[in-house]
Amino acid sequence: MKKITINASTSYDILVGKGLLNKCGELIKPIVKSHKCAIVTDDIVNDLYGYNVVQRLESSGFNVVKFVVPNGETSKSHEQLIKIYNFLSENDITRSDFIIALGGGVVGDLTGFCAASYLRGIDYVQIPTTLLAQVDSSVGGKTAVNIDAGKNLVGAFKQPVLVIADTDVLSTLSDEIFADGMGEVIKYGMIRSKSLFNKLCQENAHDMLEDIITECISIKRDVVEVDEHDTGERMILNFGHTFGHAIEKYIGYGKISHGKAVAIGMYLITNSAEKQGLINSGTAEKLKKCLNVNSLPCSIDISADKLYSLSIEDKKRTSDTIRIILCTDVGKCIIKTLTLNEYRKFLEFI
Ligand SMILES: NC(=O)c1ccc[n+]([C@@H]2O[C@H](COP(=O)([O-])OP(=O)(O)OC[C@H]3O[C@@H](n4cnc5c(N)ncnc54)[C@H](O)[C@@H]3O)[C@@H](O)[C@H]2O)c1
């Protein structure tokens, strides 16, 4: 088992390794103040792991209740949030008790926001069960639900008290959902680690899960520790996401996975930057090969105009400028601020 400590506004450990679900009771016990907890999970994860987690917690002396949401992005909603608040209240979950998010990024974001807001804040533990959730969404304390105007527009920063990433649970992911997480893993290689990137091009990720997950979390830790509230450097984690979000909107949420959209976004921005001589030549080709090896796409039929109009809709953008992340080489990135006019010109090279 590997342990990474995050020193943000609060400190907590992230444990990564095989067989950790079976030890969740004993791992959580020294961290929390109460013997009472509520698990939030989705129906698929519940069928696979819900029973085991409840058993392990109960045998460590915890009193456990469980709330199951339907799987999928639509559960990151106010409707589900209100249902969970009521469930917690009906089951007398008090401020000294805690919540467990057992699932992928959807369950993690929903439960995290619930923990940030229920009784003005209650402890929560993340047990991420997708690759994306283990390397990204369970780390760093961003929580949110979606509203009609867009994804993640209502949320809070709330760090968990513990993260338990059991690599065994990734064996039940479909190839598609696993590949989705690989999009984020490749992103970490591109922005910060040439050695991780090279490994991902040459070896089967399934054979080195503990190592690559630990390396990704360590990169995210380094970024989050200097910019917890996303006012500067944390932006580099958005490499490929400005175009990725635009592509998701263009194709339709749910019709293309987030990981595939980000993979295409990373390639398009890199290829465009390379054509303009802004980054080292050959970078786009290396990225393309790595994406292909990991069953991820790198192109889509979308016009520069469409990409422009959809990407400037981003509500987190400042008024007259847009900040983009460019990888000047594998493992190195910069943040570049462009006026909207310059951004439109940048897109003409796509
Ligand atoms: N908070 C953050 O910093 C952050 C970062 C990146 C993404 N996100 C959010 O994460 C969400 C996407 O997360 P995701 O990709 O994990 O999606 P998800 O939570 O919807 O999980 C994908 C699917 O996999 C299933 N699943 C989960 N674990 C499984 C397992 N072990 N075996 C089999 N099936 C399993 C789920 O039931 C679901 O159907 C988005 O809402 C995104 O906005 C948040």
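Since we're looking at a predicted model, the values are computed, not measured. Whatever order the structure lists them in is the order used to number ligands and atoms, beginning at 1. Numbering of residues begins at 1 and proceeds along the displayed sequence.
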Discussion item. Between Val53 and Val161, is there shared hydrophobic-cluster membership here, with clusters defined by ILVMFWY side-chain heavy atoms closer than 4.5 Å?
Written reply: yes
Discussion item. Considering non-hydrogen atoms of the protein only, which is the closest contact for atom 7 (C) of ligand 1, and what is the distance?
Written reply: Leu132 CD2, 3.6 Å
Response to the item:
atom 33 (C) of ligand 1 sits nearest the protein heavy atom Thr172 O, 3.2 Å
Worksheet item: What is the nearest protein non-hydrogen atom to atom 42 (C) of ligand 1, stated with its residue, atom name and distance?
Response: Lys76 NZ, 3.8 Å
Item to complete: Please write down residue, atom name and distance for the protein heavy atom closest to atom 40 (C) of ligand 1.
Response: Glu73 OE1, 3.3 Å
Worksheet item: What protein heavy atom sits nearest atom 20 (O) of ligand 1, and how far off is it?
Response: Val106 CG2, 3.3 Å
Fill in: Ring center gap for Phe62 and Phe98 short of 6.0 angstrom
yes
Worksheet item: In terms of residue, atom name and distance, what is the protein heavy atom nearest to atom 21 (O) of ligand 1?
Response: Thr130 CG2, 3.7 Å
Practice prompt. Quick one: sort the Phe243 and Phe346 rings into parallel, tilted or perpendicular, breaks at 30° and 60°.
Written response: tilted
Worksheet item: Would Lys220 count as a contact of ligand 1 if the rule is a heavy atom under 4.0 Å away?
Response: yes
Worksheet entry | Closest approach of any protein heavy atom to atom 39 (O) of ligand 1, naming residue and atom | Asn71 OD1, 3.2 Å
Worksheet entry | Check ion pair Lys23-Asp166 (N to O, under 4.0 angstrom) | no
Practice prompt. Measure the distance from atom 26 (N) of ligand 1 to every protein heavy atom, then report the residue, atom name and distance (to 0.1 Å) of the closest one.
Written response: Val45 CG2, 3.9 Å
Worksheet item: Just distances here: any N/O of Ile177 and N/O of ligand 1 closer than 3.5 Å?
Response: no
Discussion item. Quick check against the 3.5 Å criterion: does Asp168 have a side-chain atom that pairs as donor or acceptor with the backbone of Gly19?
Written reply: yes
